[in-house]
Novice: 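Starting off with a structure, shown below.
In what follows, chains carry the letters A, B, and so on, assigned in the order in which the sequence lines appear, proteins first and then strands, with residues in each chain numbered from 1.
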2 protein chains.
Amino acid sequence: MTDSSAGLASPDYLVLGMVRLGARSGYEIKRMVELSLRFFWTISPAQIYPSLERLERSGLVVGRPEALGRRRRRAFAITSAGEATLQAWLRKPEPIPFELRDLGLLKLFFADALDKRDALALLRAIERRSRERVAALQAIEPAALATEAQGAAYPLLTLQLGIAFHRAMLEVCREFEPKLSAESAGLRTDATG
Amino acid sequence: MTDSSAGLASPDYLVLGMVRLGARSGYEIKRMVELSLRFFWTISPAQIYPSLERLERSGLVVGRPEALGRRRRRAFAITSAGEATLQAWLRKPEPIPFELRDLGLLKLFFADALDKRDALALLRAIERRSRERVAALQAIEPAALATEAQGAAYPLLTLQLGIAFHRAMLEVCREFEPKLSAESAGLRTDATG
DNA sequence: TTCTCCATGTAAGTAGTTACATGATTGG
DNA sequence: CCAATCATGTAACTACTTACATGGAGAA
């Protein structure tokens with residue numbers, strides 16, 4: 001027991017989990033994240049490649065050089081030790097923080113500093129962002145459904161969670177808007193017709 | 001025009017905005033954030049105090065020593081330049097990223113690696129977290145209502161957004177649960193009665 | 001007197017991003 | 001031949017957290 005699973009950080013588990021789901025190279029991991037996880041976790045190549053090395057040194061993945069023509073590439077696969085480590089992490093009853101660090105909500109919080117017209121513009125910008133996010137997430141839903149058909153149901157669930165809470169944000173914003181518009185009606189904003 | 005507003009980062013605007021809302025010391029800013037913004041933006045004293053200094057050097061806040069007995073304390077107030085800078089930031093039509101970096105959703109994404117029983121436990125843990133968050137947010141709603149009565153409506157709006165999307169998460173999780181429970185019924189989990 | 005809260009600040013460390021460097025392959 | 005994509009990696013920087021240091025004031 002060398003406790004090879006110690007000292008892994010969240011991004012390492014992300015990499016490990018993506019390899020488990022079939023991403024074989026650092027590049028494929030990056031692409032898969034862009035197509036799925038990126039709405040609630042991002043990762044950059046500068047994290048992925050060192051992470052793959054750490055995982056390999058710990059025996060959680062195995063990589064072998066796999067030339068595509070003369071182009072270098074390493075093909076990774078998860079080991080049984082890797083499976084066990086991933087499961088242990090998923091089962092660990094650690095406290096799960098929830099942090100948004102969202103620039104939009106930060107701005108909105110301070111919107112009382114603006115006049116009604118500018119505040120409305122900010123609110124609308126945040127609504128637009130959520131609408132666009134919903135659309136983007138729905139666009140990748142077919143891919144998630146395909147993944148589900150192959151036995152992985154949770155990527156679809158997390159996608160639906162993303163859609164659901166942007167919809168919830170939209171609803172609350174829309175409920176709030178009339179208050180604003182009513183009060184600013186006297187200002188005769190020009191582009192409402 | 002020395003362009004004193006250049007080079008401010010988001011945490012600086014948070015500090016500036018909090019001073020505008022009446023937080024007078026670094027300590028009060030920290031406390032106010034804990035009671036309101038913390039669910040979508042956090043900040044530590046190690047950021048607050050240097051930030052206050054930067055803001056003062058730029059003329060966006062003024063601080064004067066205000067002894068409470070012999071206890072040291074600096075009382076800050078926003079300047080008109082500070083008001084203008086805050087408003088300019090709020091009006092700036094920059095792209096607004098939305099990043100969650102949520103450990104719970106990261107784990108859930110990979111939950112297919114678990115057996116049904118453990119996956120259900122993880123799902124329940126995430127549900128519990130959202131329930132607790134809703135309760136915590138509702139607990140500070142009276143404070144936000146008081147703030148609204150004093151003329152700041154947006155802290156309440158952002159609070160309601162927080163509540164709304166945790167409720168949305170709960171709803172999606174609850175819809176998903178039966179799928180899991182049905183499939184794992186044959187496993188005879190022991191502690192369900 | 002001791003505990004908790006008020007209050008300010010720094011040093012060291014961790015985590016993450018951006019920008020860059022390199023080079024092969026494919027398709028127009 | 002040029003652009004886009006595939007593919008791997010590093011250096012430098014920025015951002016943020018944790019842990020610590022300091023000390024007054026009020027309450028038990």
Novice: Starting at the 5' end of nucleotides 8-14 of chain D, put B wherever the base has a protein heavy atom under 4.0 Å, S where only the sugar-phosphate does, and a dash everywhere else.
Specialist: BBBB---

Novice: For F109(B) and L21(A), run side chain to side chain contact (heavy atoms under 4.5 Å, CB included): C-alpha distance rounded to whole Å, both residues' side-chain angles, the deciding distance at 0.1 Å, then the answer.
Specialist: CA-CA 11 Å; F109(B) 185 88; L21(A) 286 177; 3.7 Å; yes

Novice: dT17(C) C1' sits how many Å from R38(A) CZ, rounded?
Specialist: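 About 17 Å, once rounded to whole Å.
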
Novice: Side-chain N or O of R31(B) versus OP1/OP2 of dC5(C): is the shortest distance under 4.0 Å?
Specialist: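 False: R31(B) side-chain N/O out of range (4.0 Å or more) of dC5(C) OP1/OP2.
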
Novice: With no hydrogens and no angle check, just 3.5 Å: does a side-chain donor-acceptor pair link R101(B) and T42(A)?
Specialist: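 Checked: R101(B)/T42(A) side chains pair up, N/O donor to acceptor below 3.5 Å.
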
Novice: To the nearest angstrom, how far is I29(B) atom CD1 from dC6(C) atom C1'?
Specialist: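 After rounding, the gap between these two atoms is 15 Å.
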
Novice: For dG16(C), does OP1 or OP2 lie under 4.0 Å from any side-chain N or O of S44(A)?
Specialist: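 For S44(A), the contact criterion (side-chain N or O under 4.0 Å from OP1 or OP2 of dG16(C)) is not met.
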
Novice: Between F98(B) and H166(A), does a side chain to side chain contact (heavy atoms under 4.5 Å, CB included) hold up when you go through it step by step?
Specialist: CA-CA 10 Å; F98(B) 183 90; H166(A) 278 291; 3.6 Å; yes

Novice: Does a sphere of radius 6.0 Å around CD in E171(A) hold more than 12 heavy atoms from other residues, nucleotides or ligands, not counting ones at 6.0 Å or beyond?
Specialist: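 Open: at most 12 neighbouring heavy atoms sit under 6.0 Å from CD of E171(A).
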
Novice: Does E66(A) come within less than 4.0 Å of R74(A), counting only side-chain N to carboxylate O?
Specialist: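 Salt bridge flag = no for R74(A) with E66(A).
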
Novice: Whole angstroms only, please: what is the CD-P distance between E34(B) and dC5(C)?
Specialist: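 That distance rounds to 14 Å.
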
Novice: Run the ring-centre check on F165(A) versus F39(A) and record whether the distance is less than 6.0 Å.
Specialist: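 Aromatic pair excluded; centres sit 6.0 Å or further apart.
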
Novice: Base, sugar-phosphate, or nothing for R24(B), non-hydrogen atoms under 4.0 angstrom?
Specialist: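 Nothing, no heavy atom under 4.0 Å.
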
Novice: Would you say T42(A) reaches dT17(C)'s phosphate, i.e. side-chain N/O to OP1/OP2 under 4.0 Å?
Specialist: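 Yes, because at least one side-chain N or O of T42(A) sits under 4.0 Å from OP1 or OP2 of dT17(C).
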
Novice: Please determine which of L55(B), L52(B), L60(B) meets the side chain to side chain contact (heavy atoms under 4.5 Å, CB included) test together with V19(B).
Specialist: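 Checked L55(B), L52(B), L60(B) against V19(B); only one passes side chain to side chain contact (heavy atoms under 4.5 Å, CB included): L52(B).
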
Novice: Measure from NZ on K30(A) to C1' on dT18(C) and round the result to the nearest Å.
Specialist: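 Taking NZ of K30(A) and C1' of dT18(C), I get 12 Å after rounding.
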
Novice: Find the distance M32(B):CE to dA7(C):P and express it as a whole number of Å.
Specialist: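 Atom-to-atom, M32(B) to dA7(C), this comes out as 14 Å.
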
Novice: Measure from CD1 on I43(A) to C1' on dT18(C) and round the result to the nearest Å.
Specialist: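 Distance check: I43(A) CD1 to dT18(C) C1' gives 15 Å.
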
Novice: Atom CH2 of W41(A) to atom C1' of dT17(C): distance rounded to whole Å?
Specialist: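 One finds 15 Å between C1' of dT17(C) and CH2 of W41(A), rounded.
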
Novice: What is the distance, rounded to the nearest whole Å, between atom CG of L8(B) and atom C1' of dA15(D)?
Specialist: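 Rounded to whole Å, this separation is 15 Å.
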
